[in-house]
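Note that the structure is a prediction, hence the values are computed from the model and not measured. By convention in this document, chain letters (A, B, ...) are assigned in the order of the sequence lines, proteins followed by strands, and residues within each chain are numbered from 1. As a basis for the values below, the full set of heavy atoms in this structure was taken, side chains included, without hydrogen atoms, waters or symmetry mates.
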Amino acid sequence: MSALSRSEDMARCAAVLGRRFYDDDVRNVAARILCKLLLREIDGSICGGVIVEAEAYLAVGDPANHAYRGLTERNRSMFGSPGHAYVYRIHQQHCLNVVTEPEGIPSAVLIRAIQPIWGVEIMLANRKGKGIVGLTDGPGKVCQALKIDLRYDGWDLTLGKELWLAELPSELKPPEFEIAISERVGVTAAKEMLLRFFIFGNEFVSKPRHARKLVRSTDLPSRHDDT
DNA sequence: CTACCGATTGACT
DNA sequence: GTCAATCGGTAGA
């Protein structure tokens, strides 16, 4: 068996994130989603990598949230149960969010960047010949590389097929990392809120990379229902 | 129905 | 650093 197929087996065997992971405070999920895997199966091949950057959009008091003014046709998925995808379109691009918190509470985490690991050749082809650096450092780029579009709006991410999230296999796990917190990128409302989370020092994070705060991965708050 | 605009990207100064 | 492309969602007439 080749190293490549062993690697793909590693991705296929990684523990799928279940509903409980998403059924939590959206800021908690945005921080804890770092170093998880985003995986996609395209024509029988695994594509994806490690999530290195994400943003939280709050259900309350966040005018940058698409659901700030209530339910619309576009944002309907955000009102659904946690662990489903909210995919929307902007400027000819698609952006992938994971829905968090209990059903009816419209909060979500935007996946802004991944570190490419599996199916790099396929992702490069989907992005038309750009290099590995810059392949998936932005929410639109992630969706281009992984062929994620509106068909996946409302997709259940806990099924472990087509499009899902999984734990980082222990073989790949770094001992510890620092989480940087900053203002969100590109928003025109609530610019000052510190709701962007990224792995400090990782080269696959989009710019800017200035950190307003730093938190150790081992110091994250526990789940709301942990005791 | 029309008008406005963006949780982006890529090209350019 | 700046800026245009480009089009579906949204709000308003």
Exercise for review: Kindly indicate, with the supporting measurements, whether the criterion ring pair (Phe, Tyr, Trp, His ring centres under 6.0 Å) is fulfilled by A:Y88 and A:H94.
Suggested key: CA-CA 6 Å; A:Y88 68 91; A:H94 297 285; 9.0 Å; no

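- The pair A:D62-A:R184 counts as a salt bridge, with a side-chain nitrogen and a carboxylate oxygen less than 4.0 angstrom apart.
- In this structure, A:T188 reaches the B:dA7 phosphate: one of its side-chain N or O atoms is under 4.0 Å from OP1 or OP2.
- Close to B:dG10, at under 4.0 Å from its OP1 or OP2, lies a side-chain N or O of A:K141.
- In this model, the phosphate group of C:dT10 is approached by a side-chain N or O of A:T72 to a distance below 4.0 Å at OP1 or OP2.
- A:F204 is not listed as a side-chain neighbour of A:V50, based on a closest heavy-atom distance of 4.5 Å or more.
- B:dA7 atom P lies 15 Å from atom CG of A:L58, rounded to whole Å.
- If you take CD of A:Q93 and P of C:dG8, they are 14 Å apart, rounded to a whole angstrom.
- Residue contacts for A:E55: at a heavy-atom cut-off of 4.0 Å it reaches no nucleic acid atom on any strand shown.
- The phosphate of B:dA7 (OP1 or OP2) has a side-chain N or O of A:H66 nearer than 4.0 angstrom.
- A:D137 places its CG atom 12 Å from the C1' atom of B:dG10, with the value rounded to the nearest Å.
- Both geometric conditions, a ring-centre gap below 5.5 Å and a plane tilt below 30°, are not fulfilled together for A:Y88 over the base of B:dA7.
- We find that CD1 of A:I90 is positioned 11 Å from C1' of C:dG8, with the value rounded to whole Å.
- In this structure, A:N65 contributes its side chain and A:P106 its backbone to a donor-acceptor pair below 3.5 Å.
- Distance from the side chain of A:R127 is smallest for B:dT9 among the nucleotides C:dC7, B:dT9, C:dA11.
- Across the protein-nucleic acid pair, A:L110 atom CG and B:dT9 atom P stand 9 Å apart, rounded to whole Å.
- Within 4.0 Å of A:R74, counting heavy atoms only, lie sugar-phosphate atoms of the nucleic acid but no base atom.
- With hydrogens and angles disregarded, no donor-acceptor distance shorter than 3.5 Å links the side chain of A:R112 to the backbone of A:R196.
- Look at B:dA7: it lacks any Watson-Crick or wobble partner with both distances under 3.5 angstrom.
- Atom CG in A:D153 sits about 13 Å away from atom C1' in C:dG8, given to the nearest Å.
- Nucleotide C:dT6 has no partner under the Watson-Crick or G-U criteria, as no pair reaches both atom distances under 3.5 Å.
- B:dC5 atom P lies 12 Å from atom CZ of A:R69, rounded to whole Å.
- Separating the NZ atom of A:K207 from the C1' atom of C:dT2 is a distance of 16 Å, rounded to the nearest angstrom.
- Distance from the side chain of A:H91 is smallest for B:dG6 among the nucleotides C:dC7, C:dA11, B:dG6.
- Distances shorter than 4.0 Å separate some side-chain N or O of A:R112 from OP1 or OP2 on B:dT8.
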